[in-house]
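Each chain gets a letter, A, B and so on, in the order the sequences are listed, and its residues count up from 1.
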There are 2 protein chains.
Amino acid sequence: MGDIELVLKEHHIRPTAIRLLMYKFLSERDIAVTLNDIESGFDKSERTTLYRTIKTFEKKGLVHQIDDGTGIAKYALDEKGTGENQSQDLHLHFHCEKCNETICLTDHKIPHISLPKGFVSKDMNLVIKGICDKCSEKK
Amino acid sequence: MGDIELVLKEHHIRPTAIRLLMYKFLSERDIAVTLNDIESGFDKSERTTLYRTIKTFEKKGLVHQIDDGTGIAKYALDEKGTGENQSQDLHLHFHCEKCNETICLTDHKIPHISLPKGFVSKDMNLVIKGICDKCSEKK
DNA sequence: AAAAACATGCAACTTAAGTGCATTATTTCT
DNA sequence: AGAAATAATGCACTTAAGTTGCATGTTTTT
């Protein structure tokens, strides 16, 4: 049984062909992808199925959705896809205005922020916009 | 000449009737509003006009757009609408999962974050999700 | 093997966002 | 002031992402 198959099973996801392929697809890139990106990578499958697949992954805690300000949802594998650690992904994301790519800066955690009285924090989303390392190189 | 008229003129925006009304509308609430919210507040005017009006405000630095993760753009007046201070609005936003309202926490600035080599930061967006003060009161 | 549960594909719908163009209002110029 | 230029508004239409319903196909369970 392949590695991916195991990962899916650990997350209580049936390892169908498309799901295996999508996991592979996601694990091969280090940037967050849109549904369109995924669609372009799969001639064989259909928009709806891919949509539902990524949503399944999300529900089961395999991927997280990122809102980078472009208005289009992006997805990336959770850091510890295999582990049991379901703690929130409080790392931050960087969106490059040039290449339009969004990167998970998994080593950069969001610092603690004290809120006014009465506010209860459950989740956080920090996106930094600017120029990424690749684009700032090739001037 | 009214106060609002002056504010608009300072931002090089022609003070038409709709624009004056929209500014008033925005200044009357302390939460970020969607285009739909605005539309509901104006029987007289039309979606497109309101859309273009808010976009004009945005371009001229009167309002900022907030992406709170709901997928729907929200807008709020900049802190110093009147002043010359065009420095980025690096305050954070709080999105309440219960009442769905998004609040500018203008007093809470986003802390400095050091990025990996090659990354250039131009703008930041931090949204904290949870329960707001009003909703946590009335259990 | 039959029943139940789940996955997939197709079509259609919803909603926010955005554009083109004609009309109307406002400003500028002489 | 009046004409020309510029900008604002309103209406219709388009686009694109996201989402749902339902029929069909597949896998799992008993």
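At whole-Å resolution of the value, CG in Leu50(B) and P in dA8(D) are 14 Å apart. Taking atom CD1 on Ile38(B) and atom P on dT9(D), their separation rounds to 13 Å, with Å as the unit. Counting to the nearest Å, the C1' atom of dA7(D) and the NZ atom of Lys9(B) are 15 Å from each other. To the nearest angstrom, P of dT19(D) lies 16 Å from CD of Glu46(A). Atom NE2 in His12(B) sits about 14 Å away from atom P in dA7(D), given to the nearest Å. When the C1' atom of dT19(D) is taken as reference, atom CD of Glu39(A) falls 14 Å away, rounded to whole Å. Spacing between atom NZ of Lys55(A) and atom P of dA17(D) amounts to 14 Å, rounded to whole angstrom units. Here dG18(D) presents its C1' atom at 14 Å from CD1 of Ile54(A), a figure rounded to the nearest Å.
For Phe25(B), the ring-ring contact (aromatic ring centres under 6.0 Å, His included) partners are Phe42(B), not counting sequence neighbours. For Glu97(A), the salt bridge (Lys or Arg N to Asp or Glu O under 4.0 Å) test picks out no residue, with sequence neighbours left out. By the ring-ring contact (aromatic ring centres under 6.0 Å, His included) test, Phe57(A) is found to be paired with no residue, residues two or more places apart in sequence or in another chain being considered. Listed by chain and residue number, Thr48(A), Thr49(A) satisfy the side-chain contact (heavy atoms from CB on, under 4.5 Å) test with Glu46(A) (two or more places apart in sequence, or in another chain). Residues forming a salt bridge (Lys or Arg N to Asp or Glu O under 4.0 Å) with Arg14(B) (at least two apart in sequence, or on another chain): none. Shown here are the ring-ring contact (aromatic ring centres under 6.0 Å, His included) partners of Tyr75(B), two or more places apart in sequence or in another chain: there are none. Partners of Thr53(B) under the side-chain hydrogen bond (donor to acceptor under 3.5 Å, both in side chains) rule, at least two apart in sequence or in another chain, do not exist in this structure.
When each of Thr53(A) and Thr48(A) is assigned the nucleotide of DNA chain C with its nearest heavy atom, Thr53(A) is the one assigned upstream, toward the 5' end.
With axes fitted over five pairs at each extremity, the angle between the ends of the helix from dA1(C)-dT30(D) to dT30(C)-dA1(D) is 30° (10° resolution).
Here Ile131(A) sits in one hydrophobic cluster together with Val120(B); the rule is ILVMFWY side chains under 4.5 Å apart, joined directly or through other members.
Within the structure, the side-chain hydrogen bond (donor to acceptor under 3.5 Å, both in side chains) test picks out no pair touching residues 126-135 of chain A (sequence neighbours left out).
Under a cut-off of 6.0 angstrom, the local environment of NZ in Lys59(A) is sparse, with at most 12 non-hydrogen atoms contributed by other residues, nucleotides or ligands.
Between the side chains of Asp37(B) and Thr34(B), at least one donor-acceptor pair of N or O atoms lies under 3.5 Å.
If you check every strand for non-hydrogen atoms under 4.0 Å, Thr56(B) touches nothing.
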Item to check | Per-nucleotide protein contact string for nucleotides 22-30 of chain D (B base, S sugar-phosphate only, - none; heavy atom under 4.0 Å) | outcome: B-----S--
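OP1 and OP2 of dA17(D) both lie 4.0 Å or more from every side-chain N or O belonging to Tyr51(A).
Once you apply a 4.0 Å limit to the heavy atoms of chain A, the touched nucleotides of DNA chain C run 5' to 3' over dC6(C) to dA11(C).
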